[in-house]
Amino acid sequence: MVAPGGRAAAHAALLHVMELRSRGEDAVLVWDLDGTLVDARPRMLRAVHMFGRPEVQLQDVHHTWQQTAQHLGLHAEAFHACWNDVFWDPASFLLDLPVDETVWLARWAESLGVPNIILTGRLDENQSLTWEQLTRLGLSPRDVITKPSLGLGTPEFKAQQLQKLLEQGQVPGAFLTDSPAEIAAAHAQAAGVTLVFCALDGTSSHGIPPGIPLWSTGAAPSGTGDMLLPLGLPLSPWMLHATAQELDADHPRTLVPGPTRTRSQFDAMSTVMGWDPAGAVAALDRVRRTACEHVLNDRDGRARVMDGNLDASTARGQPFWLPLVSVPAERAVVLRSKRFPTSHLDTAFLHGGGCALPIHPQELPHREDATVVTSLKARSTASGRTVRTSLVGHPHALLKCDLSHVFMDRHPRSLSIRDAELAIRHSDFLAACLEESDIFCFLPEIMAVGDGEADSACVVRSAEPVPAAAPGAWTIPAYCLWAPAQSLGSAHPLIIGLLRKMGPDALCSAIFHPLIAAMMRLTLDFGCAYLGHGQNIHVEIANNGLPTGRFVFTDMEDVWPHPALCTALSLPYPVDTEYRQAHAESRESGIATTFQDYFLWKLLQPLLQCLETEPGHSLRDNVNQLIRLEVLARADTVCAFRTGPLKWFYDTYLAEDA
Amino acid sequence: MDDREQRAEKIRAASSQHPVVRFAGQSLLPKDVGFGARPTMAAQLEEKLRALGPTDGLVSATLGLVELAYILRKQSSAEAADAILAVLSKLQQLVDDALSTLPPGDAALAGLRSERFAAFQGAPASSVVVRSAPTGNQVAAGPLARLSMANAVIKKDKP
């Protein structure tokens, strides 16, 4: 009789391993893989389809080939031969589905420093694809133990390996598997190991010794209501630890949370953890944005967001204290938006007749006679120099700091007083251009403080978009759509998940159409060059975990309104001689070149390439057509400047029709 | 001439062959022989490289080497000086490669842009376009700071 221990039994097994480790033992969690951490039935289904039964559905196949052949009435010997080829084909492993409950527990264990060891019946030759698969699951186990040959009986092999681990000084504190035969063999030969039977749908418990707890792991993800992450993914262990840090709460070592997907699940967990519910929600909101911004940086998937020589203690979303230094009145510069209220920020940034200038901790040693007057708890965004923090009267703010002595992504990143002035001027300009419910929206940069002598500034960016977002909506940088997302608990990039959930037409409506429409509005209606890469443009996510259909543009320094277009289109930009000169000299003020180099090549191109990894799902033609239609809709503007700044748009999209 | 000055001289001599490499080498000389820290050097170097017209990949590799050398420079040891020399030699090779394979200046950029756009519209990408693979992110200093970097007044360092 199997003991129904449920999730609690598995959690107790982890706590048991942690207790062993606290006593100095090298205790580990040992996991079976197929049927336990991944559901391999899609692989079985592929074998059935290849055997000539394409009508069979996933629910009709079993975990073993024998049961599947019997259930479907297949010729056992012939099916076994086909199964042997297809089931172990490397391409088939991509079809495996993660088992949410078990993968979550394994990730949580890793986050607490408890090593996992994978003990699988797969053969040695499958090692590399198994490691790849585990990486996709967001796991970094200490070891993967595979069988040297097919002839070895898997249950006996695993029981021997458990024993061997013990002899090597690694204590297999718990073994979790979906195989009754493995449970029985381990029970008989590896005394002292806590065993947990992980029962996926349809897993037979026949042969399980009495007293072994059963954990039903195959239940569909539960929970309704507001989703906390895109696609309803569960919060990652990092997010829960970081939320605890934000709340100055104890590290949750005596409690094992389950996968948390919804607001109600999070509220329930907060109560169990003893966190203040409202404070926990606010902290989580900062943490989830930070986590998504660093999705590329996690687990070595650094892509292009390189750290340079930024200290690890201030990179990748780690919490740190951001110092504010006193700038005397004669050197202090305070710049304010003319459209957005800023007086609520005075408490934070005005100091002793001068100002309090936020200085990145790594920049501080380069400042002469810096006197720190206070500090703010902060976490960096992916850009490194922009940090998230909470201010009095502005609980959710972003501060862009000067990092002129630190290499980030190939450059030292200075922020001069003039840069700050431009950012605020551009925010005011774009706000004045907007119509009610405009498809273009952005994060305004509303105030800056600086040191005039050092020509160093810090810009305050609101985290609330203009026009305002729907309640519960939030944003992630667009590159998160195509980045590896295993640190968010997804084996596939988010855009692939969205494609599978929404289908290509809805994806076009929710992603490509609004993205292109908003960019063309900025480019051709507001006459701006813009570095529209995947970090500057954010996707807005609704509280159902899906895109709202709005994109939020950030970093107003990277906007360059064109003087001639501003004049011709009667746009309210204060073009002065100094700006004209800067615009003429900059390599980043070309409307067509920045559109191609950044928006097309560094945002749409990787997004389309990611989608093209899904066979038969290229949306390239649709995207090209969408751009063309948006340009056509502004043909009068493009024609008016066809020999000037919009020549490329005219030649590319209108010349044929003309 | 003490050890440090000798090392500086060695680097100066090694970096005198090509203007871009010379610029990089001078920027990397130990601070105590009259050359201050040059944090804006990479941005200036990138500007010079772009003018030569190499691909994104080559610029990226070159700047990676410069960044490495910049970090090494902080160590001020004989080993670091040797490592900087090795980096300068590699830089020289990269710059020579760029000069030998690509036309200079805006023509190369325009050509690359045109190829990229063709690839974006669905045409098979050339090896140049493939080498300059798309990236999600390109971040740098503020635009006016970037604009004025060529003649930038380096912000005051703590003495």
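Quick note on labels: first sequence line is chain A, next is B, and so on, each numbered from 1.
No side-chain donor from either of A:Gln609 and A:Arg620 sits under 3.5 Å from a side-chain acceptor of the other.
With A:Gln581 as reference, A:Glu585 is the one residue of A:His583, A:Glu585, A:Glu578 to meet the side chain to side chain donor-acceptor pair (under 3.5 Å) rule.
Proximity to chain B (any heavy atom under 4.5 Å) is shown, for A:Thr593, by both the backbone and the side chain. A:Leu604 touches chain B through backbone and side chain together, each having a heavy atom under 4.5 Å away.
A 4.5 Å side-chain heavy-atom check between A:Ile591 and A:Phe649 finds at least one atom pair inside the cut-off.
The candidate from A:Gln596, A:Glu612, A:Lys400 with the greatest count of non-hydrogen atom pairs under 4.5 Å with chain B is A:Gln596.
The aromatic rings of B:Phe117 and B:Phe120 lie parallel to each other, their planes meeting at an angle below 30°, with 60° marking the opposite boundary.
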